[in-house]
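Worksheet: one structure, shown below.
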There are 2 protein chains.
Amino acid sequence: MTQRRTYEWPRPAVTVDIAVFTVAGTLQGLRLQVLLIQRNQGPFRGHWALPGGFVHENEDLLDAAKRELAEETGLRDVYLEQVQTVGMPGRDPRGHVVTVVHVALVAADRHQLAATGDARAARWFDVSALPPLAFDHGQLLQLTLKHLRRRLGETPACFELLPAQFTLSELQSLCETILDRPLDRRNFRRKVQELKILAPVRGTRREGAHRPARLYRFVPQAFRGYASRRQALPF
Amino acid sequence: MTQRRTYEWPRPAVTVDIAVFTVAGTLQGLRLQVLLIQRNQGPFRGHWALPGGFVHENEDLLDAAKRELAEETGLRDVYLEQVQTVGMPGRDPRGHVVTVVHVALVAADRHQLAATGDARAARWFDVSALPPLAFDHGQLLQLTLKHLRRRLGETPACFELLPAQFTLSELQSLCETILDRPLDRRNFRRKVQELKILAPVRGTRREGAHRPARLYRFVPQAFRGYASRRQALPF
DNA sequence: ACAAAAGTGTTACGCCTACACCCATGC
DNA sequence: GCATGGGTGTAGGCGTAACACTTTTGT
């Protein structure tokens with residue numbers, strides 16, 4: 001990426017940026033994290049930024065986002081959602097760049113990070129302790145975070161972060177971490193059970209010197225008419 | 001606009017498309033309408049399409065949408081909202097074109113239509129009787145319509161379509177037309193009044209051989225914390 | 001026995017929905 | 001006086017939010 005170029009008709013370039021979130025830590029201290037790359041090229045070289053890059057010709061936006069994410073961070077097979085498109089002049093010193101912002105939620109431990117291409121490094125950062133970000137990526141990140149929180153109750157995305165078998169407490173802690181607010185345990189459990197999207201699993205889980213918890217698994221087949229309800233998950 | 005071009009780096013072009021809606025007709029027969037232009041250029045010449053066009057370099061997306069709308073239809077000073085961005089390859093025969101779709105709601109009688117530039121004509125069409133549309137504009141229109149209906153209760157947009165003084169029945173008919181479903185009169189009135197965003201106006205209005213209705217005006221100052229409520233208007 | 005997390009029900013409130021009758025006016 | 005739309009209140013159901021104690025295990 002060099003300085004601005006001249007085109008037959010001057011026109012903005014199109015990029016995709018992706019904010020991938022995960023939740024890390026033990027049950028007692030979960031933290032919401034976001035995947036950032038350290039830029040190896042062009043402006044803001046050395047700065048941390050959201051993964052992303054230019055959309056190729058004849059490439060769908062979602063495909064471009066997946067490709068860039070894989071190239072720069074090694075992440076593959078991630079469910080992405082479009083958030084918003086930002087094209088304010090001046091947001092990129094190279095010229096006019098319109099970016100289509102995406103968001104995802106993944107289990108960090110199910111993916112291998114591999115910084116390549118334009119990325120010198122790829123790392124998870126606590127959302128509460130971000131480094132200064134390149135371009136307007138700080139603002140873009142806020143957009144994605146808002147979108148993520150709004151969508152949490154409408155999509156099954158949160159089950160992506162849990163192991164195949166999990167306890168209700170784990171699910172609740174996860175949601176609390178993403179939403180950054182406490183939820184009432186009894187209301188949470190009742191409403192999750194009413195959704196009938198979880199099936200109990202034989203066996204229990206121990207976590208130290210405590211009563212073992214029941215294990216459940218997510219049943220995707222049971223996930224029907226989810227979007228039709230006003231609020232599917234109890235958040 | 002001619003055939004596809006070659007760039008230093010092949011890259012998608014960026015357009016904006018705008019679906020402007022209005023409500024037309026008498027109180028007894030309101031119809032939701034959308035503003036379409038008849039293309040005078042390039043592919044789909046002669047077909048009807050959403051107004052829109054290429055984003056200039058160093059032009060913000062909203063500005064581009066306003067400019068294109070003014071150029072092709074004569075509409076100015078319209079409040080636009082971004083809906084979604086679509087960039088599926090093949091959606092434009094000229095090459096890869098990414099479009100940022102916008103939506104607006106205006107009072108048709110407060111604007112003068114003037115088809116210029118790429119538009120041979122500009123006309124309001126009933127949403128229930130659309131002509132075949134160019135490109136994938138039929139799908140884009142569905143996206144905007146969904147967005148409009150979702151946002152109707154969260155924004156004061158609907159007051160844009162009413163005269164300065166209006167009756168509650170007029171407001172209700174308007175909302176029913178946009179949502180394409182009937183609303184309960186008493187519930188509607190109660191909830192609108194609870195919002196305290198309307199002020200009664202001295203005087204009454206006659207509408208034929210009936211009891212005159214009270215007139216109200218919208219009080220923008222009273223429009224506070226509107227977005228904070230889950231559902232601001234009773235839809 | 002005690003520490004620590006798991007598990008469980010009820011109540012109060014607000015919101016939404018459904019519903020029917022009288023009122024004021026023009027003709 | 002009648003046709004037409006304007007205007008009003010209440011009761012039931014539903015979902016949400018608040019809230020405390022008992023159970024099970026490991027140490």
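Chain letters run A, B, ... following the sequence lines, proteins first, then strands; residues in each count from 1. Quantities reported herein were computed from a predicted structural model and do not represent experimental measurements.
Each of B:R211 and B:Q193 was matched to the nucleotide of DNA chain D holding its nearest heavy atom; the match closer to the 5' end belongs to B:R211. Each of B:E170 and A:R186 was assigned the nucleotide of DNA chain D with the nearest heavy atom; the assignment lying further toward the 5' end belongs to B:E170. Heavy-atom distances to DNA chain C give each of A:L168 and B:H210 a nearest nucleotide, and the one nearer the 5′ end belongs to A:L168.
The phosphate of C:dC15 (OP1 or OP2) has no side-chain N or O of B:K191 nearer than 4.0 angstrom.
A cation-pi arrangement is absent between B:R186 and B:F188, since the terminal nitrogen or guanidinium carbon is not both under 6.0 Å from the aromatic centre and inside a 45° cone about the axis. Within the cation-pi definition used here (under 6.0 Å to the ring centroid, within 45° of the axis), A:R120 does not qualify as a partner of A:W48.
Residue B:S169 is classed as a sugar-phosphate contact, given heavy-atom separations below 4.0 Å to backbone atoms only. Backbone-only engagement by B:R214 is indicated by non-hydrogen atom pairs under 4.0 Å involving sugar-phosphate atoms exclusively.
Rounded to whole Å, atom P of D:dA20 lies 18 Å from atom CZ of A:R189. When rounded to the nearest whole Å, the span between CZ of B:R205 and P of D:dG6 equals 11 Å. The distance between atom CG of A:L27 and atom P of C:dA5, rounded to the nearest whole Å, is 10 Å. Following rounding to the nearest Å, B:Y216 (OH) and D:dG7 (P) show an atom-to-atom distance of 6 Å. If you measure from atom CG of A:L183 to atom P of D:dG15, you get 19 Å, rounded to the nearest angstrom. Between A:N187 atom CG and C:dC13 atom P there is a gap of 16 Å when expressed in whole angstrom units. A:L171 places its CG atom 16 Å from the C1' atom of C:dG7, with the value rounded to the nearest Å. Rounding to whole angstrom units, CZ of residue A:R185 and C1' of C:dA6 are separated by 6 Å.
Ion pairing between B:E154 and B:R151 holds under the 4.0 Å rule for side-chain N and carboxylate O. Residues A:R205 and A:E170 are paired through a salt bridge, judged by an N-O separation under 4.0 Å between the basic side chain and the carboxylate.
Listed candidates were D:dG5, C:dA5, C:dC27. Nearest to the side chain of B:Q28 is D:dG5. Comparing D:dT16, C:dA24, D:dT24 by their nearest atom to the side chain of A:R190 picks out D:dT16. Checked against D:dC19, D:dT24, D:dG7, the side chain of A:D184 finds its nearest nucleotide in D:dC19. Nearest to the side-chain atoms of B:P212 among the listed nucleotides C:dA24, D:dT8, C:dT8 stands C:dA24.
Between the side chains of A:H102 and A:E81, not a single donor N or O lies within less than 3.5 Å of an accepting N or O.
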